[in-house]
Amino acid sequence: MNYLLNTYNRFNVEFVKGKNATLWDKNENDYIDFTSGIGVVSVGHGNERLSSAICEQAKNIIHISNLYRIPPQEKLAEKLVKKSGLGNAGVFFCNSGAEANETALKIARKYGEVNGEIKKYKVITLENSFHGRTISTLKATGQPKFHQYFGPFPDGFTYAKNIADIENKIDDKTVAVMLELIQGEGGVNPFDRDEVRDLAKMLKEKDILLIVDEVQTGIYRTGEFLASNLYGIKPDIITLAKGLGGGVPIGAVITTLTDVLKPGDHGSTFGGNYLATRAAIEVIEILDEYKKSKKLDKVINYFDDKLVEIAKEYPDKFDCVSGYGLMKALKCHSSEIRDEIVKKTFEKKVLVLKAGSISVRFLPPLTITKEEIDEGFDRLKAALC
Ligand SMILES: *Cc1c(COP(=O)(O)O)cnc(C)c1O
């Protein structure tokens, strides 16, 4: 650890084995994983279908560069477009959420340059949002605490307090609005469906792009393939990453603006390589079947009941349950209570996440079993006593 830069406050544990939502440390203690590596390991640890797809691909071609055709990349793009419900759309592949959002911003900026008399370049994002750690996605992130030390930032970002405030922030240079439908890092705060639909309509009328950051909410996290499907909207640009590769790094941008970027405008060395896209295809196929069999909806309901029960049982600690699908939080009465709970749950060997200032966040593998949920909540309760 001494050779690592000090960017994380890590728990002092080494996991050596994983199976679905269960992890084992080197002393053979088992932990229930309600985090899935921050919403990444969507099909669980050690998933056999995913690992054999990755192994088979790794034995052949891992990477060749985007100078040549990559069949699994083409197949994955087709799947993403068809499942997104966006109609005629195209995909760009990269390696992370921040990169996907950078790509979305570049598409918006170029669109704003070539489609009007004056250059439109301003992007409105929301307070309490999270869009990534690169210089411009950090600036897009509406949380000033992240901005300290790293300026100067690129121009053209404006923050709205909430959905209703977006219209007030629009001017003749506004090219796009970028938002999460459920703010994840900000505390698991879903926006109102009708408000979002009205916003989408208003933006369309004004020819302002809607970019939905689905890096956390995408790939069935909310119970639907995309949160945009759940909300019934068709954004101009959707960004994906976390759950898409089941742990293999991959980001993607789906957009109906298929003719904005031209060869040379944008690229990525690793983006969309054989290994990552082969993995993502398998993840989507596993989850498509899982959703179709109604198992996903069942597990979501089961998990939700447990959260509601625990919130009722400990009204002195919890205020309410928030979120959709398997992107949930228990909101605590204070950040002190929250921090104490997260510390104690780790001692009881169940992994949970913090989000915002008062939320205990739950992003379990979508394939978590009833038994793992029961065990996790038993341990969570033990931590609350
Ligand atoms: C995690 C996250 C990001 C950043 O993704 P990275 O892969 O860490 O770059 C961006 N937007 C949202 C909504 C996220 O949850």
Side-chain angles (χ1 to χ4, degrees), residues 5 7-8 35-42 92-108 123-143 145-147 150 157 159 163 176-191 196 210-222 226-228 230-231 233 235 237-255 268-272 276 279-280 283 322-329 352-356 359 361-364 366:
L5 290 186
T7 49
Y8 297 100
T35 73
S36 64
I38 321 189
V40 167
V41 190
S42 44
F92 177 84
F93 289 106
C94 51
N95 314 289
S96 67
E99 268 183 273
N101 288 334
E102 284 280 348
T103 306
L105 294 169
K106 283 180 77 175
I107 294 171
V123 176
I124 299 170
T125 63
L126 286 160
E127 286 183 7
N128 206 35
S129 58
F130 185 84
H131 298 295
R133 301 286 195 161
T134 62
I135 292 285
S136 53
T137 60
L138 199 58
K139 184 63 180 170
T141 293
Q143 301 191 53
K145 67 176 182 198
F146 289 121
H147 297 164
F150 301 116
F157 290 94
Y159 311 110
I163 301 273
V177 169
M178 177 156 91
L179 53 79
E180 302 152 89
L181 297 175
I182 305 164
Q183 291 184 329
E185 306 301 313
V188 190
N189 309 314
F191 288 113
V196 168
L210 175 59
I211 304 169
V212 175
D213 178 347
E214 296 231 29
V215 168
Q216 193 159 148
T217 57
I219 319 297
Y220 291 111
R221 180 51 59 185
T222 64
L226 300 173
S228 295
L230 184 71
Y231 275 68
I233 56 164
I237 307 177
I238 291 171
T239 57
L240 295 169
K242 290 192 168 86
L244 178 57
V248 177
I250 181 168
V253 179
I254 315 173
T255 180
S268 166
T269 299
F270 292 120
V283 167
S322 74
Y324 286 113
L326 288 175
M327 178 173 179
K328 287 273 167 57
V352 296
L353 294 158
K354 292 182 185 179
S359 296
R361 179 171 42 155
F362 298 84
L363 296 170
L366 302 176

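The first residue in the sequence is number 1, and the count goes up from there. As the structure lists them, so they are numbered: ligands from 1, and atoms in each ligand from 1.
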In ligand 1, the atoms that come under 4.0 Å of a heavy atom of Phe130 are 2 (C), 3 (C), 4 (C), 11 (N), 12 (C), 13 (C), 14 (C)
Region of Ser96 engaging ligand 1 - heavy atom pairs below 4.0 Å
both
Taking all heavy atoms of Val248 and all of Ala276, pick out the closest pair and write down the distance.
CG1-CA, 3.7 Å
Closest non-hydrogen protein atom to atom 15 (O) of ligand 1, residue and atom name please, with distance?
Lys242 NZ, 2.5 Å
Given the rule in the side-chain hydrogen bond (donor to acceptor under 3.5 Å, both in side chains) test, do Glu102 and Thr137 qualify, once you have shown the distances and angles that lead to the verdict?
CA-CA 6 Å; Glu102 284 280 348; Thr137 60; 4.6 Å; no
Between Thr217 and Arg221 the two heavy atoms that sit nearest each other are O-CB, 3.5 Å
Give the minimum heavy-atom separation between Leu363 and Gly39, together with the two atoms involved.
CD1-N, 3.7 Å
Any nitrogen or oxygen of Ala98, main chain or side chain, under 3.5 Å from a nitrogen or oxygen of ligand 1?
yes
Specify the closest pair of heavy atoms between Pro235 and Ile238, including all atoms of both residues, with the distance to one decimal.
CG-CG1, 3.7 Å
Is the number of heavy atoms from other residues, nucleotides or ligands within 6.0 Å of CZ (Phe146) greater than 12?
yes
Residue part near ligand 1, for Ile38, under 4.0 Å between non-hydrogen atoms:
neither
Closest approach of Ala329 to Phe362 (non-hydrogen atoms, all atoms of both residues)
CA-CD1, 4.3 Å
If the cut-off is 4.0 Å to any non-hydrogen atom of Asp213, which atoms of ligand 1 fall inside it?
10 (C), 11 (N), 12 (C), 13 (C)
What protein heavy atom sits nearest atom 7 (O) of ligand 1, and how far off is it?
Gly97 N, 2.8 Å
Subset of ligand 1 atoms that lie under 4.0 Å from at least one heavy atom of Asn101
10 (C), 11 (N)
Taking 4.0 Å as the limit for heavy-atom contacts, which would you say applies to Glu180 with ligand 1: side chain only, backbone only, both, or neither?
side chain
Determine whether any protein heavy atom is located less than 4.0 Å from atom 9 (O) of ligand 1.
yes
Nearest heavy-atom contact between His131 and Thr141 is N-OG1, 2.8 Å
If we only count N/O pairs under 3.5 Å, is Val215 in contact with ligand 1?
no
